[in-house]
Amino acid sequence: MDDIQATYRDEDEEDEDYATTATATANGVKHEPPEDHDQSEESKPSSDDDEEEPPPKKQKQLSSLTASTLPEENQATEQPISIAAAAVGAAETPKIAKKTKKKNNNVWTKPTSRKGKKKAKVTANNAPTEDPVLITPVPRFPDKNDDSPDLKICLSKIYKAEKVELSDDRMRAASGKGYRMVRATRGVEEGAWYFEIKVLKLGETGHTRLGWSTEKGDLQAPVGYDANSYGYRDIDGTKVRKALRETYGKEGYAEGDVIGFYINLPDGAMYAPKPPHLVWYKGQRYVCATDTKEDPPKVVPGSEISFFKNGVCQGVAFKDLCGGRYYPAASMYTLPNQPNCVVKFNFGPDFEFFPEELDGRPVPKPMVEVPYHGFDSQTENGVSNEKKH
C-alpha cells in the first residue's frame, strides 16, 4: 500500500510541474522541464525494505513567475490593441515619432552638424557691383642706381642677361657662349631718334645682332628673336624679326664698322599702350590691372626703322611699327672657350657718322636727349615713390 501511495504522489507532482510549465510558456517565460528524478527512481527495482520517500523537488513559486512576466503581459495585451487601432484608423496618416538623439558623453570630441550653410542666391539686388582687380608683381624694377634724373642714358644693369658684362661707364657690353641681350635705360615712343654702335671685337667665332627692342623683348635671346625686337645681322646684313631672316643690306658688317640706328614714330604716343598702374602692397611694387585681357597693339602710321653702315643708309628695314617704347639693344655671340664679343654704344651728341641723306625723313635727335621717364614721377596708393627710396 505504501508503494501505491508513493506512486500516486509522484503522479500528482508531475501534474503540478506540467501545469506550471504550461502557465509559464503562455506568459512568455521559458521554463526548463523537470528533471527525470522520478523516472530514474521508477526504473530502479523497488524493494520492500527501502521505504524512504524520494526528496521533494524544489519549485519556484507561481507568484514570482507572474510578477516577472507582468510587463510582458502588458505588452502582449497592448499589441492587439494597437493593431486594432491601426486597422480602425487606416484612412488617417500615421504620425511618425521622432527619434531621440543619443547624447554623446565623450568629452574629447566636439559635436558636429551635418547641415551646411545655405548658399545665398545671386540676384540682381545682391549681385557684386565691384569689378575684380588683379595685381602682378614686378619682377624687374629699376632703382635709382640704374637710372635717375641726374644720370644720362646708358646700358641698364637690370634689363640685361646675367652673362652680359658691362664696362664701368656702362657704354660697352661684352658677352659670349650664346646670344644674350642688353638694352639701354631709356627708350622712345614718339619722334625721330638716332644712336650708333661700334663693333670693337668679334674674334674668330663672334657675331652680333643689333637694333631696337621694346620692354617685352626676351633678354635671353638675340635681338629679333620675337615680335618685340628688330635686329640687323652681321653675317650677311639680313634683317631679323620673329626669328625670320630677310634680305636687307648688300653685305654684312665686320669688326671696326660703325652701325647707325634710325627710328621714326610720328605721333607715337597716341598709339602707345597705357602705362602700367603700379601699387605698393606689403613692401613690394605690383602692376594693377582691372582686366586680364590686354588691348591689341596699335600700328603707328608712317613709322619705320632704318640701319646705316658707316654713314650709308641700307634702306628701310621695317615699317608700320606697333605703338610702344623702343630701347637701343644689342646681342653678342661666341663659341665656348672663346674671347667675348665686345660692342660700344654712342648715344650722342658726337657721332662718327651722323646721317646726312634722309630723303625727306625727319632729322633725328640724339638718344642722349631722351628725358628720364622712370616711375618716380608716378604715385602708388596716393604716395609718391620718391618718399619710399
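With salt bridges taken as basic N to acidic carboxylate O contacts below 4.0 Å, one links E189 and R325. For D146 and K160, the salt-bridge test fails: no basic side-chain N is under 4.0 Å from an acidic carboxylate O.
Note that CG of L219 and OG of S331 are 11.0 Å apart. Values are rounded to the nearest 0.5 Å. The structure places CE of M171 at 9.0 Å from NZ of K344, a figure rounded to the nearest 0.5 Å. Taken to the nearest 0.5 Å, the CD1 atom of I259 stands 7.0 Å off from the CG atom of L210. One finds the NZ atom of K309 at 10.5 Å from the NZ atom of K250 (value rounded to the nearest 0.5 Å). Atom CG of residue L335 and atom SG of residue C341 lie 11.5 Å apart, to the nearest 0.5 angstrom. In this structure, CE on M270 lies 9.0 Å from CD on E190, to the nearest 0.5 angstrom.
Taking all atoms of both residues into account, the shortest heavy-atom contact from V299 to Y271 is O-CD2, 3.6 Å. Minimum heavy-atom separation, L166 to A173: CD2-CB, 4.1 Å. Nearest heavy atoms, V343 versus A330: CG2-CB, 4.3 Å. Nearest heavy-atom pair, Y179 versus P222, reported as atom, atom and distance to 0.1 Å: CG-CB, 3.6 Å. The shortest non-hydrogen separation linking A221 to M181 is O-CB, 3.5 Å. Closest non-hydrogen pair, V342 versus A174, comes out as CG2-CB, 3.8 Å.
Follow the hydrophobic side-chain contacts under 4.5 Å out from V182 and you reach L202 in the same cluster. Cluster membership for V164 and I197, using ILVMFWY side-chain heavy atoms within less than 4.5 angstrom, is shared. Cluster annotation: Y248 is connected to I305 through the hydrophobic network of ILVMFWY side chains, with a link wherever side-chain heavy atoms come within less than 4.5 Å. Note on V199: it clusters hydrophobically with F307, by side-chain heavy-atom contacts below 4.5 Å among ILVMFWY residues.
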K201 vs E255, test: side-chain contact (heavy atoms from CB on, under 4.5 Å). Steps then yes/no. CA-CA 6 Å; K201 187 175 182 180; E255 188 175 301; 4.3 Å; yes
Applying side-chain contact (heavy atoms from CB on, under 4.5 Å), run through K177 and K163 and close with a yes or a no. CA-CA 9 Å; K177 299 181 181 180; K163 298 298 183 181; over 6 Å; no
side-chain contact (heavy atoms from CB on, under 4.5 Å) evaluation trace for R361 with V316: CA-CA 11 Å; R361 299 185 184 93; V316 178; 3.1 Å; yes
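With hydrogens and angles disregarded, a donor-acceptor distance shorter than 3.5 Å links the side chain of N346 to the backbone of D350. At distances below 3.5 Å, not a single donor-acceptor pair connects side-chain atoms of Q338 with backbone N or O atoms of G203. In this structure a side-chain-to-backbone donor-acceptor pair under 3.5 Å is missing from H373 to R186. Within the 3.5 Å criterion, the main-chain N or O of C154 finds a donor-acceptor partner in the side chain of T185. The backbone N or O of D169 sits nowhere less than 3.5 Å from a side-chain atom of R172 that would complete a donor-acceptor pair. N310 contributes a side-chain N or O that, together with a main-chain N or O of V258, makes up a donor-acceptor pair within less than 3.5 Å. The main-chain N or O of V312 is found under 3.5 Å from a side-chain atom of Q314 such that the two form a donor-acceptor pair.
For F353 and F308, the gap between ring centers reaches or exceeds 6.0 Å. A centroid separation of 6.0 Å or more is found between the aromatic rings of F347 and W193.
Under the ring pair (Phe, Tyr, Trp, His ring centres under 6.0 Å) test applied with F351, the options Y194, F261, F345 reduce to a single match, Y194. Shown are Y326, F318, F195; of these, the ring pair (Phe, Tyr, Trp, His ring centres under 6.0 Å) with W212 is made only by F195.
Judged as a ring-ring contact (aromatic ring centres under 6.0 Å, His included), and not counting sequence neighbours, Y327 has no contacts.
Side-chain contact between P364 and L358 is present, with at least one heavy-atom pair separated by less than 4.5 Å.
For residues 224-235, every residue pair satisfying the side-chain hydrogen bond (donor to acceptor under 3.5 Å, both in side chains) rule, not counting sequence neighbours, is listed here: H207-D234, D226-S229, Y230-R241, R233-D236.
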